[in-house]
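Have a look at the structure below, then the notes.
Quick note: residue numbers are just sequence positions, from 1. Remember, it's 1-based here, ligands and their atoms both numbered in the order they're listed.
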Amino acid sequence: MQKSVQLFERAQQHIPGGVNSPVRAFKAVGGTPLFIEKADGPYLFDADGKRYIDYVQSWGPMVLGHNHPAIRQAVLEAVEKGLSFGAPTEAEVLMAELVSQLVPSMEMVRMVNSGTEATMSAIRLARGYTGRDKILKFEGCYHGHADALLVKAGSGALTLGVPSSPGIPADFAQHTLTVEYNNLDSVRQAFAEVGEQIACIIVEPVAGNMNCIPPVEGFLQGLREICDQYGSILILDEVMTGFRVALGGAQAHYGITPDLTCLGKVIGGGMPVGAFGGKAEIMRHIAPTGPVYQAGTLSGNPVAMAAGLASLTAIQQAGLYQQLSHNTEQLAKGFKAIADKHGIPMSINYAGSMFGLFFTDVERVTNYQQAINCNQAQFNHFYHAMLTEGVYLAPASYEAGFVSAAHDQVIIEQTLAAADIVLARL
Ligand SMILES: Cc1ncc(COP(=O)(O)O)c(C=O)c1O
Ligand SMILES: N[C@H](C=O)CCC(=O)O
């Protein structure tokens, strides 16, 4: 890791913490982050030339694996025509049509540049549409770093021990109610108190920012019913789960129809993209048809649209999602069997091609408290030993893992063989 160490030292001179997004800094697990040179299929290659099987997959978007030939080709062709026009293109129309076709609840779609922009804009729309100020989110869910949403948040905010960030005026945060994930009673209680003031519920339909926590039976349906009862908007944040948990996202997988959906990195095939959309009646409140302002100089960027269209076309191949789910289940169950063999308490969760390992004797982890009570020290040892064996997991125990179409049987078996060596010594 000589080169990574040198680059990290240099990086810290001019980049806060040496990274452009906190979770990359390895603060949670200790040590030096790998600096990446290139990626291909299931692999990352670091600056020192070492190869790793990658289960981060750029934090989710690489459903097909890294550097997929169809996406690369589409990007190269788009680049030939120019990088940005600041005017509408046919590719944006095709993208909106394709997203609406694959996720039918998204009757209208607005493209943005990140997941943060998508959730921030969807919240503004929900507030503008309902004329209400309060929003309800769940402890440990992360929806990007907009002020209203960085309250009891997951992901890097959790690893830094600042789930609610300084710099957010108390006046802003007072409108954000936070309740327990997978606990409908806590939602009902909040609505019983101030339901008529709540513009929306925003939820990760599979929580992927406090490790991987799928919804318990009836949870998402219960949220739908509560929103209907109180005239609030249900926003599914599918930045992570969209086109990953299933072709139609978690909403297709769990059979739930939201009013608004947020999408992110997955629709860009690796380019910086996000989107929000939903019922046409609500979406028409966005400028220029409606009064709720939202804009973006680079939104709908032609290169990003080309990558996204190629990606959304390729993921429609028959059998892809069955294969992804099968391989993910095999991987997760394999980790658990090996942990059992070596007498290490471990619980696993998986949904579609997302998975999570918890070093705990809790049989099924369903909420934030259980996730943060896991054995962090054990995870950190496991993390570094897996790295030595050539397996790159997310550098924090609060992040979901991702399997791509490039993670075939051989890759899964190699990963489990590495885990066997590591867990035997833990
Ligand atoms: C569920 C969820 N929502 C929103 C975001 C924010 O997306 P971005 O980092 O692209 O701003 C993320 C990830 O970062 C996410 O996992
Ligand atoms: N958990 C985050 C997104 O999914 C990690 C990405 C980041 O914040 O850099």
Point to revise | Residue Gly115 vicinity, atoms of ligand 1 by number, heavy atom under 4.0 Å | key: 6 (C), 7 (O), 8 (P), 10 (O), 11 (O)

**Study point:** Which segment of His145 sits under 4.0 Å of ligand 2 when only heavy atoms are counted
**Key:** neither

Check your understanding: At under 4.0 Å between heavy atoms, which part of Thr116 makes contact with ligand 1: side chain, backbone, both or neither?
Key -> both

Review point. Would you say Thr119 has any N or O atom under 3.5 Å from an N or O of ligand 1, going by distance alone?
Key: no

Exercise for review: Please work out whether any backbone atom (N, CA, C, O) or any side-chain heavy atom from C-beta onward of His143 is under 4.0 Å from ligand 1, and answer side chain, backbone, both or neither.
Suggested key: backbone

Review point. Cut-off 3.5 Å, side chains only: do Glu92 and Thr89 have a donor facing an acceptor?
Key: yes

Check your understanding: In terms of residue, atom name and distance, what is the protein heavy atom nearest to atom 16 (O) of ligand 1?
Key -> Asn209 ND2, 3.1 Å

**Study point:** Ligand-side contact atoms (ligand 1) for residue partner Glu204, heavy atom cut-off under 4.0 Å
**Key:** 1 (C)

**Study point:** Short N-O contact, Asp40 and Arg51, less than 4.0 angstrom
**Key:** no

Review point. Just by modelled atom types, is the Gly249 backbone N or O under 3.5 Å from a matching donor or acceptor in the Thr241 side chain?
Key: no

Review point. Can Tyr52 and Asp46 be counted as having a side-chain donor-acceptor contact under 3.5 angstrom?
Key: yes

Exercise for review: Note the single closest protein heavy atom to atom 2 (C) of ligand 2, along with its residue, its atom name and the distance in Å.
Suggested key: Ser155 OG, 3.2 Å

Check your understanding: Is Lys265 near ligand 2, meaning one of its heavy atoms is under 4.0 Å from it?
Key -> yes

Practice item. Using a 4.0 Å heavy-atom threshold (strictly under), name the region of Lys265 that reaches ligand 1: side chain, backbone, both or neither. Key: side chain

Review point. Are side-chain N/O atoms of Tyr254 and Glu217 paired as donor and acceptor at under 3.5 Å?
Key: no

Study note, to complete from the structure: Honestly, for Met240 the part within reach of ligand 2 (heavy atoms, under 4.0 Å) is side chain

Practice item. Give a yes or no on this: more than 12 heavy atoms of other residues, nucleotides or ligands lie within 6.0 Å of atom NE2 of His253. Key: yes

Check your understanding: Are more than 12 heavy atoms from other residues, nucleotides or ligands located less than 6.0 Å from atom CZ of Phe85?
Key -> yes

Study note, to complete from the structure: A student checking ligand 2 against Val23 at a 4.0 Å heavy-atom cut-off should list atoms 5 (C), 6 (C), 7 (C), 8 (O), 9 (O)

Exercise for review: Report yes if some N/O of Glu399 lies less than 3.5 Å from some N/O of ligand 2; otherwise report no.
Suggested key: yes

Point to revise | Proximal ligand 1 atoms for Gly144, defined as those under 4.0 Å from one of its heavy atoms | key: 4 (C), 5 (C), 6 (C)

Practice item. Could you say whether the N/O atoms of Trp59 and ligand 2 ever approach to under 3.5 Å? Key: no

**Study point:** Those atoms of ligand 2 less than 4.0 Å from some heavy atom in Asn209
**Key:** 1 (N), 2 (C), 3 (C), 4 (O)

Review point. Do any N or O atoms from the side chain of Tyr321 and from the backbone of Phe243 form a donor-acceptor pair under 3.5 angstrom?
Key: yes

Study note, to complete from the structure: In this structure, atom 12 (C) of ligand 1 is nearest to the protein heavy atom Val239 CG1, 3.7 Å

**Study point:** Within-4.5 Å side-chain heavy-atom neighbours: Lys265 and Trp59
**Key:** yes

Point to revise | Within-cut-off N or O pair, Met240 and ligand 1, under 3.5 Å | key: no

Review point. Are any of the side-chain heavy atoms of Glu238 and Cys262 separated by less than 4.5 Å?
Key: no

Review point. When only distance counts, is Asp237 in polar contact with ligand 1, meaning an N/O pair under 3.5 Å?
Key: yes

Check your understanding: Between Trp59 and ligand 1, which part of the residue brings a heavy atom under 4.0 Å of the ligand: side chain, backbone, both or neither?
Key -> neither

Check your understanding: Which atom names give the shortest non-hydrogen contact between Thr415 and Tyr55, and what distance separates them?
Key -> OG1-OH, 2.6 Å

Review point. Can you name the side chain to side chain contact (heavy atoms under 4.5 Å, CB included) partners of Val93, sequence neighbours left out?
Key: Glu97

Review point. Between Lys3 and Asp48, does at least one N-O distance fall below 4.0 Å, as a salt bridge requires?
Key: no

Point to revise | Short N or O distance, Ser21 and ligand 2, threshold 3.5 Å exclusive | key: yes

